[in-house]
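One structure is given here, and the rest of the page talks about it.
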Amino acid sequence: MYRTHHCNQLRKSDAGETATLVGWVNTKRDQGGVIFIDIRDREGVTQCVFRSEESAEAADLSQKLRGEDVVQITGKVEIRPELDGESTFNDAIETGEIEIVATELKILNKSEVLPFQLDKELSNEDLRMKHRYLDLRRPRMAKNLRTRHEITKAIRDTLDDQGFLEIETPVLSKSTPEGARDFLVPSRLSPGKFYALPQAPQQYKQLLMVAGVERYFQIARCFRDEDLRADRQPEFTQVDIEASFVTEEDIYATIESMLASVFEKARGVKVPTPFPRITHQEAMDKYGSDKPERRIGCEIVDVSEHFKDSGFGVFKRAIEGGGVVRAINAKGFAGVSTGQIKRLEEIAKEAGAGGLAYIQVRGAAHDTWRSPIVKFFSEAELAAIEKDLNIEEGDLILFGCDKWATVCDVLGRLRLECAEMNNWLEGKEDELDFHWVIDFPLLDYDEEEGKWNAVHHPFTRPHADDVALLDDESKWGEIRGAAYDVVLNGNELGGGSLRIHEGDLQAKMFSVLGISEEEQAENFGHILGAFQYGAPPHAGIALGLDRLVMLACKEDSIREVIAFPKNNKGVDLMSSSPAEVDFKQLRELYVKSTVQEKKD
RNA sequence: GGAGCGGUAGCUCAGUUGGUUAGAGCGCCGGCCUGUCACGCCGGAGGUCGCGGGUUCAAGUCCCGUCCGCUCCGCCA
């Protein structure tokens with residue numbers, strides 16, 4: 001037996017007992033005659049006292065201890081003494097009222113000096129990743145791992161309670177031409193052929209519905225070979241859910257109860273349900289995003305009607321060309337600096353705007369409004385926007401004029417940047433704005449490729465009222481999908497849809513997406529076939545677990561909640577993967593690299 | 001593929017107009033200390049200023065190139 005208690009267990013009521021603890025040397029405070037060692041395990045910290053009067057041998061040995069040595073300490077639990085009327089209790093730790101008066105010390109393993117200090121944040125990400133096993137000893141990281149466990153457990157418990165079965169689907173599966181780049185795995189037994197790692201278990205879970213499982217879930221590892229970000233890793237985890245004979249309402253209720261349980265367990269907060277719902281149209285109109293951050297206000301306002309006959313040609317022409325003029329009022333941001341305006345203009349241009357029109361509202365009178373464009377506005381136009389945008393002294397007005405979609409995107413990004421520049425979220429960090437975004441468009445025309453793409457994915461069911469529009473290509477852009485996203489504070493937690501369960505409708509959908517009958521047979525033959533044998537109506541959703549845990553832990557990168565993440569080039573700096581392999585290994589797989597050796 | 005920021009001691013960072021021997025805090029090593037808990041005090045070690053080239057009497061500092069990291073855009077059905 002290594003231990004009798006863990007390091008966050010002993011309390012005043014244990015005084016007098018003999019206890020043995022194991023753990024790491026957290027800190028050592030050598031006072032000369034008395035030495036304090038804080039011993040740490042995953043549960044917490046306990047102070048141990050070494051005095052030569054108690055055990056000369058243990059006291060001697062304790063002098064040799066260094067940080068992160070692994071030790072086993074035995075001694076009597078005592079209430080910390082009062083000295084000269086002063087308490088020696090330590091309020092900072094939960095075991096702060098007691099200490100172990102050590103009589104035995106065993107060094108189980110010595111430690112080298114760590115490459116970084118565990119009690120200080122470090123900014124050097126390479127170093128953290130290279131020694132990730134040490135980085136994970138830091139309390140914040142240890143807590144994140146534990147919270148992740150609590151969250152997955154809450155998810156499993158909720159879904160189990162509601163009759164969902166956890167079923168594993170293959171990791172070695174088939175490449176699909178649609179969507180993200182696949183990771184490929186060469187097959188030794190089928191020379192020249194490749195498996196693909198799944199981007200999502202989408203087709204398998206629908207086939208499980210055909211199989212009669214009725215309620216499925218999986219904490220599924222998914223793979224996408226795309227460029228990385230703070231919230232994107234090449235392998236990531238989805239909470240994947242599918243159910244038969246259900247409506248959207250059933251899915252909403254399941255997810256709401258699940259997320260409420262997750263935040264109850266992870267943060268101890270009560271999340272009100274049901275979540276509010278807004279349509280995709282409304283989200284774009286007001287917030288310029290399909291995952292709106294609604295805590296910052298600053299909604300987009302359409303002012304097109306005031307500028308139809310404007311003296312300002314840019315606005316007038318935009319409207320004549322079928323576009324819109326819209327604006328946001330960045331409250332209290334009239335003091336925007338030249339540099340900030342430049343940055344805002346860059347963002348607007350990145351999103352497709354020609355430039356950025358703005359007004360700095362220095363005073364109540366219109367002649368105090370500073371702006372490169374305001375001289376072109378009539379008094380009536382100024383009065384109209386003053387009313388519509390609720391303009392007051394100290395405000396900054398930002399305009400967008402172009403096609404509706406472009407303007408939404410531009411102003412959507414600008415309002416987020418203004419929030420960032422002005423810390424509008426200060427004091428709102430704990431607010432949780434869960435909501436559903438519903439009625440997504442089904443299809444989206446890609447000008448570059450000259451074809452229609454699925455906004456969600458090709459298995460999404462068209463809205464019941466819009467199915468007929470599939471027969472009229474001119475109406476494809478108006479078809480709504482029976483799809484829904486769940487959003488938290490401007491982050492997409494997950495999305496799903498009612499699925500197509502009829503073979504002929506699914507084939508029609510593939511055709512709309514420009515997938516030929518041959519390609520359908522080759523890539524989707526199994527699912528089209530399965531739909532011929534009594535596929536039940538079904539629906540589902542998938543949530544990004546890493547992102548969910550990140551938000552619950554108040555982290556701003558998913559790397560902080562993944563035990564062994566990769567850097568933004570997809571490299572694991574600890575194990576140095578990916579790595580080159582022997583020619584012999586490649587030969588067995590009938591694979592040959594075409595990479596050119598770099599010349600020095 | 002593109003843009004921005006960064007790389008100086010083990011870690012976090014400072015380093016002025018190009019000018020003496022490149023600094024601080026923490027950590028580390030040694031010594032002292034019988035009630036500390038961010039212990040304290042004394043002493044010490046520790047640097048290819050990412051790498052390569054250039055300008056200059058002189059480069060951490062200026063110029064060019066390159067590598068690495070982070071963030072964002074593109075991309076992510």
Side-chain angles (χ1 to χ4, degrees), chain A residues 26-38 45-54 59 66-68 80-84 86-93 95-96 99 101 112-131 134 176-182 199-200 202-203 222-234 236 343 346-347 349-352 409 413 416-417 420 442-444 446 448-449 451-460 481 483 492 495 497 509-510 513-515 523 544 556-557 559 567-569 571 573 598 600:
Chain A
N26 203 47
T27 52
K28 171 183 161 190
R29 293 177 297 278
D30 184 348
Q31 305 295 307
V34 56
I35 294 164
F36 298 97
I37 301 291
D38 287 347
V45 166
T46 301
Q47 172 169 285
C48 303
V49 196
F50 291 82
R51 283 192 219 94
S52 48
E53 304 92 280
E54 306 291 342
R66 293 292 181 269
E68 301 304 308
R80 294 195 188 188
E82 197 169 282
L83 296 163
D84 303 326
E86 294 279 325
S87 165
T88 57
F89 288 1
N90 180 1
D91 299 337
I93 57 174
T95 58
E99 59 194 8
V101 179
E112 293 289 319
V113 175
L114 266 44
F116 48 80
Q117 289 166 253
L118 298 183
D119 58 347
K120 294 208 159 42
E121 289 293 324
L122 69 165
S123 58
N124 189 335
E125 292 259 334
D126 322 18
L127 195 72
R128 290 181 61 195
M129 291 307 163
K130 196 171 170 193
H131 304 277
L134 299 177
T176 48
E178 302 280 311
R181 221 174 267 121
D182 287 318
Q199 297 174 25
Q202 182 63 34
Q203 296 184 46
C222 303
F223 306 85
R224 289 177 192 174
D225 187 11
E226 296 292 345
D227 285 5
L228 310 187
R229 285 283 199 290
D231 63 350
R232 233 189 274 164
Q233 285 272 302
F236 60 100
R343 176 76 196 120
E346 268 174 36
I347 289 168
K349 285 181 175 169
E350 266 174 14
D409 188 23
R413 293 187 201 206
L416 290 179
E417 183 63 27
E420 183 78 16
L442 185 72
L443 299 162
D444 180 37
D446 187 321
E448 269 179 40
E449 291 182 74
K451 66 185 273 281
W452 290 89
N453 286 326
V455 169
H456 191 54
H457 57 52
F459 310 105
T460 300
E492 180 192 331
S497 61
M509 188 66 192
F510 283 137
L513 296 171
I515 301 170
N523 293 314
D556 45 22
S557 168
R559 288 190 295 263
N567 74 3
N568 68 11
K569 291 240 168 63
V571 171
L573 291 167
K598 268 189 191 167
D600 291 330

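In what follows, every chain begins at residue 1, and chains take the letters A, B, ... in the order their sequences are listed. Quick note: numbers below take in every heavy atom, side chains included, and nothing from hydrogens, waters or symmetry partners. Just so we're clear, the structure is a prediction, and the values are computed from it rather than from any experiment.
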Quick check on [N]: is either OP1 or OP2 less than 4.0 Å from any side-chain nitrogen or oxygen of [X]?
{"X": "A:Asn568", "N": "B:rU71", "answer": "yes"}
{"X": "A:Asn453", "N": "B:rA77", "answer": "no"}
{"X": "A:Arg66", "N": "B:rG27", "answer": "no"}
{"X": "A:Ser123", "N": "B:rC11", "answer": "no"}
{"X": "A:Arg559", "N": "B:rU71", "answer": "yes"}

Go ahead and name the base partner of [N]; Watson-Crick or wobble counts if both distances stay under 3.5 Å, otherwise write none.
{"N": "B:rC70", "value": "B:rG4"}
{"N": "B:rG19", "value": "B:rC57"}
{"N": "B:rC76", "value": "none"}
{"N": "B:rG44", "value": "B:rC28"}
{"N": "B:rU36", "value": "none"}

Name the closest nucleotide to the [X] side chain, picking from [options].
{"X": "A:Asp227", "options": "B:rC70, B:rU12, B:rG1", "answer": "B:rG1"}
{"X": "A:Asp38", "options": "B:rC11, B:rC37, B:rG69", "answer": "B:rC37"}
{"X": "A:Gln31", "options": "B:rA77, B:rC11, B:rU34", "answer": "B:rU34"}
{"X": "A:Arg29", "options": "B:rC39, B:rC75, B:rG69", "answer": "B:rC39"}
{"X": "A:Ser52", "options": "B:rC76, B:rU34, B:rG69", "answer": "B:rU34"}

Whether the side chain of [X] and the base of [N] hold a donor-acceptor pair under 3.5 Å is what I'd like checked.
{"X": "A:Arg224", "N": "B:rC76", "result": "no"}
{"X": "A:Arg229", "N": "B:rG74", "result": "yes"}
{"X": "A:Arg413", "N": "B:rC72", "result": "no"}

Do the side chain of [X] and the main chain of [Y] share a donor and acceptor less than 3.5 angstrom apart?
{"X": "A:Asp182", "Y": "A:Asp225", "result": "no"}
{"X": "A:Arg80", "Y": "A:Gly96", "result": "yes"}
{"X": "A:Thr88", "Y": "A:Glu82", "result": "no"}

In whole angstroms, how far is the [atom2] atom of [N] from the [atom1] atom of [X]?
{"X": "A:Phe89", "N": "B:rU36", "atom1": "CZ", "atom2": "P", "result": "14 Å"}
{"X": "A:Leu122", "N": "B:rC26", "atom1": "CG", "atom2": "P", "result": "18 Å"}
{"X": "A:Leu118", "N": "B:rG10", "atom1": "CG", "atom2": "P", "result": "18 Å"}

*With sugar-phosphate meaning primed atoms plus P, OP1 and OP2, does A:Asp119 contact a base, only sugar-phosphate, or nothing at under 4.0 Å between heavy atoms?*
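It contacts nothing in the nucleic acid.
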Please classify the nucleic acid contact of A:Pro458 as base, sugar-phosphate, or nothing, using heavy-atom distances under 4.0 Å.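 Answer is base: heavy atoms of A:Pro458 come under 4.0 Å of a base.
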Rounding to the closest angstrom, what is the interatomic distance between B:rA45 and B:rG10 at atom C1'?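 Each nucleotide's C1' atom is 12 Å from the other's.
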- prompt: Quantified in whole Å, what is the P atom distance between nucleotide B:rC42 and nucleotide B:rG54?
  reply: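 After rounding to an integer number of Å, I get 48 Å for this pair.
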Please figure out whether A:Asp30 or A:Lys120 has its closest RNA chain B nucleotide nearer the 5' end.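 Upstream on the strand: A:Lys120.
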Between the base of B:rU36 and the ring of A:Phe36 - centre-to-centre under 5.5 Å, planes within under 30° - is that a stack?
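Base of B:rU36: stacked against A:Phe36.
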Exercise. At what distance, to the nearest 0.5 angstrom, does NE2 of A:His456 lie from CG of A:Leu443?
Worked result: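 Reported to 0.5 Å precision, the distance equals 13.0 Å.
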In Å, rounded to the nearest 0.5 Å, how long is the span from CD of A:Glu99 to CD1 of A:Ile37?
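Answer rounded to 0.5 Å: 13.0 Å.
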Residues A:Arg29, A:Asp38: salt bridge by 4.0 Å N-O rule: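 Yes, A:Arg29 and A:Asp38 are salt-bridged.
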Flag the pair A:Glu125 and A:Arg559 as a salt bridge only when some basic side-chain nitrogen lies within less than 4.0 angstrom of an acidic carboxylate oxygen.
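Judged by the 4.0 Å cut-off on N to carboxylate O distance, A:Glu125 and A:Arg559 do form a salt bridge.
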